[in-house]
Amino acid sequence: MDLYAEIIVDNNSTQTDILYTYRIPIEFQDNLKIGMRVIVPFGMGNMLLQGLVIKMKNTISFNKNKLKDIVEIVDKEPILSSNLIELGLWMRREYLAQYIEVFKTIMPTGITKKVKQYIYVVDENINITNIKSKNQKKIIKFLFDNNGIEFEELKKALEISNINSSLKSLKSKNIIKVENKIEQDINKKYEKVVVKLFKNLDIPKILKGLNKLAKKQKEVILFLKDYKEIKLKDLTNLVGSSYSTIRSLESKNLISIIDKESPRQVLDKNYKKTENMELNKEQTECYNRINNSISNEKSKKFLIHGVTGSGKTEVYIQLIENVIKKQKQAIVLIPEISLTPQTVERFVSRFGNNVAVLHSGLSLGERYDEWRKIKENKVDIVIGARSAIFAPFKNLGIIIIDEEHENSYKSSINPKYDTIKVAEKRSELENAILVLGSATPSINTYYLAEMGKYELLQMNKRANKQEMPNVDVIDMREELENGNKTIFSNRLYNDIITNLKDERQIILFLNRRGFSTFISCRECGYVEKCPSCDVSLTFHKKENWLKCHYCGFAKKPVEVCPKCESKYIRYFGIGTQKVEEMVKKTFENINVERMDIDTTSKKNSHEEILDRFKNKEIDILIGTQMISKGLDFPNVLLVGVIAADLTLNLPDYRASERTFQLLTQVAGRSGRGERKGNVVVQTYDPNHYSIIYARSHDYIGFYKEEIKLRKIFNYPPYVNIISIVFSGLDVRELEKITKYISDAIIKNIRYKNKDFDVSNNISKPMPSPIPKIKNKYRWQMIIKSSDKELKVIKNIIYWVCIKNKYNIPIDKVKISIDINPNSIM
DNA sequence: AGCACGCCGACT
DNA sequence: GTCGGCGTGCTC
């Protein structure tokens, strides 16, 4: 019977982004299934590539002569379920990505197999004088000493420009042969294990049979009495014997030494086991509502809006318990930055080694091991950052997304997917429950809850009946008028003093790192900028460097203005480094620590700082938004926000939303113990609604105000935003191409829909808010689209920008398309 | 993307 | 003739 497979080929090009059909040879027809990887010949050179089987069928609609055969099946079992394949196909259309990009995201990283070619001389006694070509002679000579060398190595060693044609010619003359071997990037980790082959009953007999001098061997035999098998390393350690002792026992067939796969240990197993906590009234209500749906086994979506400290995690845990009882599995997503041991511990201490953890801190091998634990049904729960949404569970029961509003749920690389949307889709495909949770839901999600797409569950009280902290807003303009030029208002200063006296710990928050944001000449106004990006350089005092926060460029600060040679160089704006310095200057004999990207770049430094804070070795912790999430330190009664305006003044439609979320989250770090906490918010804009509502912990009030503005100014959730960013080295060319593309898109949209309001929904192409990054100029166009029109517009963008229907010379520019981006900057 | 093919000019 | 360089066009 004829059977064909449609395959995604492992080739990173928009031009090969289609499904290719291959014939399935008879001998593979029984074993090949959708979701397996195969090796196929591709292109004119029949280069062997990995492919993923997406569909199977028994008829084809085009010329059979073009068909090639699948060469080999890679997997014994599908690595992707049909649900995950469908999810991937959906993502491709939704985010205008390529097949290969999507499926590389869904598959575990590094699983891709590469075919390597090994080159051999057929006859080692060949007479090379018969070979006329210089290059071919060179190759054969080299192969005499390096027979069976890998192709890439040969290429590197010989530096022959057109080595492929020389090899081809040699091959056709049967002088060399090429062997293909499939190699995988990551190898499983193996460990030697000793298996007992004798019965305990026979021990006396065995001991007698051994040589009198074989003292150690006898010890080992006796030791093995209590074991069926034991790791070689443990055995030699515990008995104090050497490997040779064990080996001689092996030669006597008393034991065998085998290589056993050992999963790398990602979690520290020594977490204390904890029991369920009793749920309060609100938690119980919430739990029951969701649990009903779990019992009904019908896909449903929930949004838990619960204030900071309302005990959402405990509800999640008890829901998961029930899901597992039903033989189903659970995915728990948390934002990357709060994926600290503190959060993971809560789940692991309840579920033990039934949990797999996936996050960016893992090595490729570790990640692969965790993935396989899920795949092989060794765990029922995965906890991880956004990519854990693709965990290959077979019977998914629930997806929980905590801190639903977080930016990191939107991917900024292709496919630029929104985890919330993907989770919605997956929960529908798998018939699972989706639970989103947040103290400050994103405006989008809350709107959808109001529209009935999510069932809204409110938790307004803190679980241990703690009171919400008191938030005071300080007008920094008044402070200045009263002659206070420091970065601390009188109020914050006094509060810090009292809290230090009471041996309480303090968190100070400023969402900007470095020392000064820009330096400029007072005489002529010259500002030091990055030579390859169009942004001002940030001064980092500790390293005495001006750094570019976009490309990492760094230089020593100037003492004289390079433009007018004036010595009056001034440093403007404050960052966390400056706050640190001011704290040290103002409050003596205290321990201060700063936590931002600059101090936490080393592995584990994040945890180390938090551990020291927990052990009260730090009095004042200063940090960026890194410290706004999930930290639960009962000894903190004061949180100070140095400048709330930073996020507020960004030219982005979500600036208010961000500010409100950030203030609420930071405030939530205060008063987690028995006593009521305090928050001091310093700002130059105390009457801004996001600050006013954050002060009274009034999410709903904020939401109502914000959603009104979104409607008036035509922003999400009322429209979708599509951002297309063009970047290239030549500005004039970039501008020209951007305009061609923009015109083509507008023309097509008009053609499809005469009534489309182009002037209100499509921005003219213009330079990006950051017009240059890493020497590449950036132009941008923004399209607003209703849900109804979105599909058509995306399709137009696909044909114009990706398939290049109009033959615009787009190969010189990079086009990045982002559907509903995090920010439009 | 990665490769072959074809065309051209340079070099033995 | 052979080799290297480069532009073009295709990949089931």
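Bear in mind that the values here come from a model prediction, so they are computed numbers and not experimental data. Each chain gets a letter, A, B and so on, in the order the sequences are listed, and its residues count up from 1.
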Distance check needed: C:dC10 P versus A:K66 NZ, whole Å only. 9 Å
Would you check if there is a donor-acceptor pair between the side chains of A:S786 and A:E789 at a distance under 3.5 Å? yes
C:dT11 OP1/OP2 closer than 4.0 Å to side-chain N/O of A:Y20: no
A cation-pi test, strictly: NZ or CZ of A:R372 under 6.0 Å from the centre of the six-membered ring of A:Y368 and no more than 45 degrees from its axis. Yes or no? yes
Which whole-number value in Å describes the distance from A:I24 CD1 to C:dC12 C1'? 13 Å
Rounded to whole Å, how long is the line connecting atom CD1 of A:I139 with atom P of C:dC3? 11 Å
Can you tell me how far the CD1 atom of A:I810 sits from the NZ atom of A:K803, to the nearest 0.5 Å? 11.0 Å
Note: contacts of residues 38-46 of chain A with DNA chain B (heavy atom, under 4.0 Å) are A:M44, A:G45
For A:Y409, is the NZ or CZ atom of A:R386 found under 6.0 angstrom from the centre of its six-membered ring and inside 45 degrees of the ring axis? no
Atom CD1 of A:I810 and atom P of B:dA1 are separated, to the nearest Å, by 11 Å
Is there a donor-acceptor contact under 3.5 Å linking the side chains of A:N720 and A:N820? yes
Can you find a heavy atom in the side chain of A:K68 that is under 4.5 Å from one in the side chain of A:V40? no
Rounding to an integer number of Å, can you tell me how far A:K55 NZ sits from C:dC12 C1'? 14 Å
Rounded to whole Å, how long is the line connecting atom CE of A:M47 with atom P of B:dC5? 14 Å
Output the rounded distance in Å from NZ (A:K803) to C1' (C:dT11). 12 Å
Hey, are A:K416 and A:S816 close enough side-chain-wise for a donor-acceptor pair under 3.5 Å? yes
Using the ring pair (Phe, Tyr, Trp, His ring centres under 6.0 Å) criterion, which residues pair with A:F390? Sequence neighbours excluded. A:Y417
A:N804 CG - C:dC10 C1' separation (whole Å): 16 Å
List in numerical order all residues of residues 9-16 of chain A for which some heavy atom is under 4.0 Å away from an atom belonging to DNA chain C. A:Q15, A:T16
Is the distance between the ring centroids of A:F726 and A:Y777 less than 6.0 Å? no
